[in-house]
Amino acid sequence: MQDKIRNFSIIAHIDHGKSTLADRLLEMTGALSQREMREQFLDKMDLEREKGITIKLQPVRLKYQARDGQEYILNLIDTPGHVDFSYEVSRSLAACEGALLVVDASQGIEAQTLANVYMAMDLNLEIIGAVNKIDLPGAEPEVVMQEMENVLGLDQTEVLPISAKLGTGVIDLMEAIVKRIPPPQGDEEAPLQALIFDSYFDSYKGAISYIRVVSGQVRKGNIIRMMYSQKEYEVTEIGVVSPYMTEVPVLKAGEVGYLVAGIKNVKDTRVGDTITGANHPADKPLPGYQEVKPMVYCGIYPLENIDFERLRDALDKLKLNDASLFYEPETSDALGFGFRCGFLGLLHLEIVRERLEREYDLSLLATAPSVVYKFRLTDGSELYISNPTHWPAPQKVDQIMEPYVKASIMVPHDYVGGIMELCQEKRGLFVTMEYLTPHRVLMTYKLPLAEILYDFFDALKSRTRGYASLDYEVIGFEVSDLVKVDIMLNGEAVDALSFIVHEEKSYFRARTIAERLRRIIPRQMYEVIIQASIGSKIIARENIKAMRKDVLAKCYGGDITRKKKLLEKQKEGKKRMKQIGHIEVPKDAFLKVMNIEED
Amino acid sequence: MTQESNSSFPKGIYIHFPFCLKKCSYCDFYSIPGVSASIRDQYTQALLHEIDRQAAVTCSSNPIQSIYFGGGTPSLLSSGQIARVLERVNARFQVDAGAEITLEANPATLDRDKLVGMLEAGINRISLGVQSFNDNELQMLGRVHNSSDVFKTIDIIKSLPLKNYNIDLIYGLPGQSIEGWLGNLQQLMSCHPRHISMYLLQLDPVTPMGQEVDSKRMLLPDDDSVADMYYAGIDYLTGKGYRQYEISNLSLPGAECRHNIFYWQAESYLGLGAGAVSYGKGRRWRNLPDINAYLNCCQSQETCPIEELEHMDEQGIISDAVILGLRMTDGIDLERFSQRFGIDLASYYKEVIKLCRAQGLLEMEQGRLFLTKTGYFLSNQVLCRFMA
């Protein structure tokens, strides 16, 4: 049985054609009829389909009639294509014996892809290279194949040229999967070990786990145990996705499928945990499990205080499906009651915020994202802070530390100078530089995570005309000269606008932010004075002149209805404002003000 | 409960003439450039039909206080045509002997004979769309007249027994300075109008001029400059004996435009002609702005197709009356308002009034609720808070 199974992942950069390739595989193996087919079939969220980005595809089981006359089962397990989710990538790869590396024929390998391929190689996966989009005018498959050989050591003669859009080369690709990726080799009679590589929440069945059975077998009715959480459940359903959920009687070593066990919350079926049998448990769990910790925090507040409970309900519901989402209630003098939320990264933040607004119809206000800062206090204790408002008094602080990342940047060699300049501006420390090909360079820097959060990605793109790609991993905390800058409107500090910045950059950033606020806050009935301060010292000042004109000069019989509509609109506009003291601040000001590059 | 009833509809009649010699570059009203003699005839005929039909379905016990020919350019009609329309109104409705009967006119469309004929027809007030005394500005606005046309027309008017006339001016034009604007007002003084409307240029993006501004080929003066122009204009005219009675309107005492006051006091009016709006009992509707449909149905004695614009509930009627009433410098008489609409405004809008007063935009004194002088040019900040 196992020798007819091939478990593989697709590693591809965003836009390099992962979803399209998945669509072709579904179509060409006959898993879906023409009638059932729709674009990006395996993309899970509307949000993904809408944004045209795929964070992660659903796993799927395909039946393939190979040229040798045999029927094979191909299990496609996707890897999320974004740096926020690298832990999930590692668990998906761990569930496979091989990986398809899909690279755009005109773009070449990107840093993110590279990191994921290295991860696959560390896990001893067979890598099958494919150059995609060979039908496009700018395609240079030979150059990209050469690059794959130089950078990754793949034999360029074995890299397959394909066009996922047209279906060109896709059969050869499936043949390569069958021939080159080894079949799984687990012991069906050994105690059960199944790796959870993904999970989601279904309102009828509860948490559904996607699993790869590594050894043993699992059936409906079995009592299972989560080896990290130690919780036990009775299996109520097992099955495979092909691409609709289909119940099966048993999943044996080597197989991939889903499992339902009356689990109420996805946090009880953590990605990376090992499922074993409660009666004959395995000696030890599969390696590689980690608790994922949020990297980025921000405050999320309902625009109307009355919506606080609705926001809590919505977060509770999202959490059912997102074990890495963190939140706890907090209060702000300016914004009222809300939540401090923790995310894996900026994309994760943006997705959650959008889903809250869209799926739960909430009007929200988000503060600028922040990292976690670590303090050593004079009394020897340690303190972690994710909200600038909680910054301890300076006299109590012995040392301040901030998270650093190791950033890998891949870039055409023409832009090396620009990248060095940028990294220096962002307080980066040079680590290494390596020529991957005569034209492509891999640069490694140590950078504060906070700098990456602000505008690093945009700056990187604009300075390299979009040719640079970035990957990073957090490497720990380092001591840093940081200060807290407060922002005052007409003399009143607005806690939600406070921010942390490196001392050397504090004046510049304070000026930028004050000036930004001047442009974002509309003219009010009174003059508004914006000040930025460190402690009691004012370091930047701007003023917004009082409003002088807001009038409908003409309003006569034929016109009244139309003019009233304008007033109606204006009344609605006031709802998008947050009243802070006497000042009306647009609700998106709190985020906008930090996007330095947006000018 | 509101005290309005069918027996008080309408207090005024508005007659729309949707034709112009040429469309002005800033205009977003319903009007059609170019008009032939035969269209004028047909349109006049259609108006007569509509007057007959409307009179048959209205039974006002109060005499009509105001008749207003607006447009478009109604002064393109002949005095004979105006006379026929007014005769028919008089025949079908009860018109007060002292009714204000206004004709909007373009200075380039009037000569002595025509004006004399208009007065004979019954017109007793002229509203002249002068807009500017500066020929460059007039050209930019796409007006068909120049400043010498204006002075000629004024000379003719002054020689006639017509004392009640209004002049419209526009300020806040691209490139206009405060000095340029005050220069226009000085010229205006030599015309001795009893009534002055001074309008800030506010462009709809669909107009040619609006598009010039949107695409930054034309630059309007900034908010501070136009606010300075506004208040300088008000102060200048007040110094000359005019009294400001609405955000954009001033007059010599007693010469306020009765017709416009009906709008702002939320009184009922009947609109006749293609595209004309009517108001009564919390309902606004308009004849469809389609000349052919209007002519056809009037000829075939059918009712003209209308478009419902608003149907307000009690709350809507009240907020409407406040929004319009506050445009006038005298504001709203709280006692009268409560008699008419059955609510005590001061308590009904307590929070809004408190907020606007704290901002220095609104005042309440001696039984009246009114905008402050600062509030005039920031009135939207007040009015939008009273929206239903």
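Chain naming here is simple, since letters A, B, ... match the order of the sequence lines and numbering starts at 1 in each.
Residues B/Asp228 and A/Arg548 are paired through a salt bridge, judged by an N-O separation under 4.0 Å between the basic side chain and the carboxylate. Between A/Lys545 and B/Asp222 no salt bridge is recorded (no basic side-chain N to carboxylate O distance below 4.0 Å).
The local environment of CD in A/Glu492 is sparse, with at most 12 non-hydrogen atoms from other residues, nucleotides or ligands closer than 6.0 Å. For A/Lys461, the NZ atom sits in a loose shell: 12 or fewer heavy atoms of surrounding residues, nucleotides or ligands are nearer than 6.0 Å. Within a 6.0 Å radius of CZ in A/Phe337, other residues, nucleotides and ligands contribute 12 heavy atoms or fewer.
With a 6.0 Å cutoff to the six-membered ring centre and a 45° limit on the axis angle, A/Lys549 does not count as a cation-pi contact of B/Phe377.
With a 4.5 Å cut-off on non-hydrogen atoms, B/Leu361 touches chain A through its side chain but not through its backbone. With a 4.5 angstrom heavy-atom cutoff, B/Phe29 touches chain A only via side-chain atoms. Proximity to chain A (any heavy atom under 4.5 Å) is shown, for B/Ala276, by neither the backbone nor the side chain. With a threshold of 4.5 angstrom between heavy atoms, B/Leu324 approaches chain A through side-chain atoms but not through N, CA, C or O. For B/Ile247, the part lying under 4.5 angstrom from a heavy atom of chain A is the side chain only. If you measure heavy-atom distances from B/Gln359 to chain A, the contacts under 4.5 Å come from both the backbone and the side chain. Contacts of A/Met525 with chain B are made by side-chain atoms alone, with heavy-atom separations under 4.5 Å and no backbone atom involved. With a threshold of 4.5 angstrom between heavy atoms, A/Lys569 does not approach chain B through any atom at all. Only the side chain of B/Arg327 has a heavy atom closer than 4.5 Å to any heavy atom of chain A. In this structure, chain A has no heavy atom under 4.5 Å from any part of B/Tyr14. In this structure, the portions of B/Leu309 lying under 4.5 Å from any heavy atom of chain A include both its backbone and its side chain.
No other option in B/Leu383, B/Leu378, B/Val277 has as many heavy-atom pairs under 4.5 Å with chain A as B/Leu378. The candidate from B/Tyr231, B/Phe386, B/Tyr230, B/Trp264 with the greatest count of non-hydrogen atom pairs under 4.5 Å with chain A is B/Trp264.
Using modelled atom types, one side-chain atom of B/Gln202 and one backbone atom of A/Val551 make a donor-acceptor pair closer than 3.5 Å.
No side-chain heavy atom of A/Lys554 sits under 4.5 Å from any side-chain heavy atom of B/Ser248. Under the 4.5 Å side-chain criterion, counting only non-hydrogen atoms from C-beta, B/Ser379 is not in contact with A/Leu552. Side-chain contact between A/Gln524 and B/Gln381 is absent, with no heavy atoms from C-beta onward closer than 4.5 Å.
Heavy-atom neighbours of chain B within the stretch residues 300-307 of chain A, taken at a separation under 4.5 angstrom, are nonexistent. Near-neighbour residues of residues 558-568 of chain A relative to chain B, defined by a heavy atom under 4.5 Å from a heavy atom of that chain, comprise A/Gly558, A/Asp559, A/Ile560, A/Thr561, A/Arg562, A/Lys564, A/Leu567, A/Glu568.
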Decide salt bridge (charged side-chain N to carboxylate O under 4.0 Å, His left out) for B/Asp224 and A/Arg523; before the verdict, give the C-alpha distance in whole Å, the side-chain angles of both, and the deciding distance to 0.1 Å.
CA-CA 12 Å; B/Asp224 293 297; A/Arg523 292 170 78 169; 2.9 Å; yes
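Ring orientation note: the planes of A/Tyr556 and B/Tyr199 are nearly perpendicular, at an angle over 60° on the 30°/60° scale.
Once rounded to the nearest 0.5 Å, the distance linking SG of B/Cys384 with NZ of A/Lys571 reads 8.5 Å.
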